[in-house]
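In what follows, chains are A, B, ... by sequence order, proteins preceding strands, each numbered from 1. This structure is a prediction, so every number in the text was calculated from the model and none was measured.
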Amino acid sequence: MTAAEYAQTLQLKPVVPATATVSGGDSQRKWRHLLLKDFTFFYVSGELTYASQSTKKRMDYIHCRGGIVLPAYDPELVTHIIVDTANPDKPDAGVTLRTLGLKKLSDIPDHVPTVKWKWVNSAKLVPNGDRAGNFRIVEDGNGGHVTVRMDWEFMHSAFVARVHAGKGFKNTGGNEKDKGKGKPKAKTTAQRKEGENSEEEDNDSAEDISDISCACRLIGSVVGVRLIFVCSRNFTQDAPSPPPSAKETTPAVNQTKSVQSEREIPFISDPLGEFEALAKEEKKAEGFLCDAPNSNSLTSECPNQDIVDKLEELMELHRAKPTEEDKWRVYSYSKSIRKIRTYPHRITSYEEARNIPGVGDKTALKIKEILETGELRRIDIEYTEDLDVVHLFQGIYGVGQHIAYMWYSAGCRTLDDIRERKNGIKVSDVQEIGLKYYDDINTRMPRAEAGEIFTAIKRTAVSIDPHLYVEIMGSYRRGKATCGDIDILITRPTDDGNSHEGVLASLLSALQREGIIRENLSMPDFKDDPLEAVYRGLCVRPLREGEGHDTKRLVHILTVPYKSRGAALIYYTGDDIFNRSLRLKANKMGYSLNQRGLFAGVVRSTENKMIKTCDGHIIASETEQEIFRILGVPWQEPWERVRS
DNA sequence: TCGCAGAGCCA
DNA sequence: TGGCTC
DNA sequence: GCGA
Ligand SMILES: O=c1ccn([C@H]2C[C@H](O)[C@@H](COP(=O)(O)OP(=O)(O)OP(=O)(O)O)O2)c(=O)[nH]1
Ligand SMILES: [Mg+2]
């Protein structure tokens, strides 16, 4: 949807005062919905067609702080124009004028400042009576008032030519008066209802219910319905090495020789200098998940199993939902659940739960409820009627939260509805395949079958180039008893002057000829680097005498430059939770880790996105060990990296 | 109040 | 760019 | 939802 459309949907949404669950002290948050009250914005994102996620996020930001975002520029109503075009440091005047439908900057009324996003950010609640700087008094709708201070507009003026606009530039006086004058005629939003500020909040039963992820309902219907059309379109040594026993329900695994074939140099030299510095970092960061393998206690009984079950159930409900909120809730629950699962004795009180790091107020309350009633009402609340269907759809490979909700709001309820393209929904090629092999794809294979398929693929690969390094990764390398797919890493030493360029393409056609590969899900793209790409497809195990079954299995092949093999091994061995933790730790230490290597000096554009301002320089990538070492993470064998 | 990992491929 | 997947 |  366009920015204008999004702004419109926001106007329909009530501004919920963030008071629920906030106990008295947190006034910044409690009065959040007043911070931008009485301001009416027009937001220039520079986006021609659809509003990007960051635009929506910023509109939400304004909205939940009580500001109004106009869907269309109206010089009569607007109090501020926010210029937030591509480069935050260099607002684009041309784009701005085009968006406003004006010819020159001076056509904007003088009392309407053009500010950068940063200005919006500067709103802060200050104690009543604090009259420093650019403050305003805002009525709280209850007969009281609060004081909000912001930077002066000119400090964040988007255009030099207009620094004078708004107040505060020349004479820094006259706050209160301005407030009156600058006020919008604000009938726009049907004036937020008065009474609603009053919920000074109380009992803890109201607690949970306030923060419910209702957003998804809104999005589900508002966005979803509209989208139907759119969519229609030293440590190495001393690592504690308990035998790879029980962990991930592993059969005897040790024979997985593999990794040793690439002899990774232990590299114990130069112990101290950098490590000491790093070790300190480590403790201050309060322990990363990647730092220690799961304790053996996992194998024993969990005294809090009932709690774990309920929280997991709730987490899974959130996992199916489409909003960012839900996503981070899942992240959070997964951490707290992991802690609770390894907690050595029965939790008996709110306080005890609360003392577990990762368990906050909300989760502790939920635990309390489970202890007292054996139930968790929040589960019934989040278990909305759409969930079963949406969950079914999400089982289709290539269908995630958003598509599932779109289809649901388009009226689809069964897989057959999808097959029939009921109500004109669009189904991509990949989803078509996902639909066709719904059951196969959702069935994990025995470890042995993964090994069998891998052996066949490796044989073919090596026959193309005997110098190839071909390894099976993922859950197989971690020793799991069943595998969701077959993950294969391919690279090749370059010391003889050759590389694996072109190998993947040959390999794929060979495997197709052999009848091992049956469907392609995504094809490698070598445009950036001929040595680095990804393939995904469906395969079956090599033909065997008189056996008719050919369950399709997901196969995932990754090729990387030989230099990146250490980083790639880490990435592709996982598990995913381990990786995220390791990468998080790298970040906290000022590094950045990806499947290509460990980098220093990476700078990401603050508050805009995934664009790297500075690429940084690589400091390790060839062996897993050197990366672990630099990050101060004790060496862990693949089967010790299980975190989920 | 903010960040929570980082990237490849498709539409 | 957004959605999905690894 | 949690922690810094
Ligand atoms: O979000 C993700 C997903 C995966 N990976 C890495 C770790 C993982 O181990 C590997 C392979 O992914 P896959 O989805 O195959 O997971 P798996 O660990 O192999 O488990 P499964 O048995 O379900 O395939 O890619 C990530 O870094 N992030
Ligand atoms: Mg796998």
Closest nucleotide among dC10(B), dG6(B), dA5(B) to the Y331(A) side chain = dA5(B)
key: Non-hydrogen atoms of R553(A) and T443(A) that approach each other most closely   = NH1-O, 3.4 Å
request  = Specify the separation, in whole Å, of atom CD of E325(A) and atom C1' of dG1(D).
outcome  = 10 Å
query = Where the side chain of S428(A) is concerned, which of dG3(D), dA11(B), dG8(B) is the nearest nucleotide?
reply = dA11(B)
key: Short side-chain N/O contact to dG1(D) OP1/OP2 from K362(A), under 4.0 Å   = yes
query = Heavy atoms under 4.0 Å, any strand shown: does V430(A) hit a base, just sugar-phosphate, or nothing?
reply = nothing
key: Salt bridge R477(A)-E471(A), side-chain N to carboxylate O under 4.0 Å   = no
query = Any ion pair linking R378(A) and E369(A) (charged N to carboxylate O, less than 4.0 Å)?
reply = no
note = Checking dT5(C), dA5(B), dT1(B) against the side chain of R536(A) (C-beta onward), the nearest is dT5(C)
request  = Indicate whether OP1 or OP2 belonging to dT5(C) is found under 4.0 Å from a side-chain N or O atom of H556(A).
outcome  = no
ask   = With rounding to whole Å, what would you report as the distance between dG3(D) and dA5(B) at their P atoms?
value = 16 Å
ask   = Thinking salt bridges, do K436(A) and E432(A) make one under a 4.0 Å N-O criterion?
value = no
ask   = Hey, are the side chains of F454(A) and I488(A) touching, using non-hydrogen atoms and a 4.5 Å cut-off?
value = yes
ask   = For K588(A) and dC4(B), is the shortest distance between a side-chain N/O and OP1 or OP2 below 4.0 Å?
value = no
ask   = What's the closest nucleotide to the S332(A) side chain, out of dC6(C), dC2(D), dC9(B)?
value = dC2(D)
key: Which nucleotide in dG8(B), dG6(B), dC4(C) has an atom nearest any side-chain atom of R583(A)   = dG6(B)
inquiry  = Is there a side-chain contact between S592(A) and the phosphate of dG6(B), meaning an N or O under 4.0 Å from OP1 or OP2?
reply    = yes
message = Students often get this wrong, so: under 4.0 angstrom with heavy atoms, is A586(A) touching a base, only sugar-phosphate, or nothing?
response = nothing
message = Mind checking if L558(A) touches a base, just sugar-phosphate, or nothing, with heavy atoms under 4.0 Å?
response = nothing
Out of dC10(B), dG1(D), dC4(B), whichever nucleotide has its closest atom nearest the side chain of R329(A) = dG1(D)
request  = Could you tell me whether the phosphate oxygens of dC2(D), OP1 or OP2, come under 4.0 Å of any side-chain nitrogen or oxygen in T363(A)?
outcome  = yes
query = So, is N594(A) near the phosphate of dA7(B), with a side-chain N or O under 4.0 Å from OP1 or OP2?
reply = yes
inquiry  = In whole Å, I'd like the distance from the CZ atom of R596(A) to the C1' atom of dG6(B).
reply    = 9 Å
Per-pair stack call W328(A) and dC4(B), 5.5 Å, 30° = yes
key: Nearest-Å distance for atom pair CZ/P, residues F288(A) and dC4(B)   = 12 Å
task = Using only side-chain N and O atoms of R354(A), determine if any of them is under 4.0 Å from OP1 or OP2 of dG3(D).
result = yes
query = For the pair made of CH2 in W407(A) and C1' in dG3(C), what is the distance, rounded to whole Å?
reply = 12 Å
key: C539(A) vs I453(A) side-chain heavy atoms within contact, under 4.5 Å   = yes
request  = Figure out the NZ/C1' separation between K327(A) and dA5(B), and round it to whole Å.
outcome  = 10 Å
ask   = For the side chain of R580(A), counting heavy atoms from C-beta on, which of dA11(B), dA5(B), dC4(C) is nearest?
value = dA5(B)
ask   = Do any side-chain nitrogens or oxygens of Y397(A) fall under 4.0 Å of OP1 or OP2 in dC6(C)?
value = yes
ask   = What nucleic acid atoms does D487(A) come within less than 4.0 Å of, heavy atoms only: base, sugar-phosphate, or nothing?
value = sugar-phosphate
remark   = Picking from dC9(B), dC4(B), dA11(B), the nucleotide nearest the side-chain atoms of P524(A) would be dC9(B)
query = How many Å lie between CD on Q401(A) and C1' on dG3(C), as a whole number?
reply = 10 Å
inquiry  = For the backbone of V44(A) and the side chain of T99(A), can you confirm whether one donor and one acceptor N or O come within less than 3.5 Å of each other?
reply    = no
message = Heavy atoms only, 4.0 Å cut-off, all strands: where does V359(A) land among base, sugar-phosphate and nothing?
response = sugar-phosphate
Nearest heavy-atom neighbours spanning A586(A) and L593(A) = CB-CB, 4.1 Å
message = By the 4.0 Å heavy-atom rule, please label N579(A) as base, sugar-phosphate, or nothing.
response = nothing
query = Whole Å only: how far is the CG atom of L531(A) from the P atom of dG8(B)?
reply = 14 Å
inquiry  = Side-chain N or O of N587(A) versus OP1/OP2 of dG6(B): is the shortest distance under 4.0 Å?
reply    = yes
query = How many Å lie between CZ on R641(A) and P on dC6(C), as a whole number?
reply = 20 Å
ask   = Between dG3(B) and dC6(C), how far is it from one P atom to the other, in whole Å?
value = 28 Å
remark   = Ranking D576(A) and Y535(A) by the position along DNA chain B of their nearest nucleotide, the one closer to 5' is D576(A)
message = Tell me if the side-chain of Y571(A) makes a donor-acceptor pair with the base of dC6(C), cut-off 3.5 Å, by modelled atom types.
response = yes
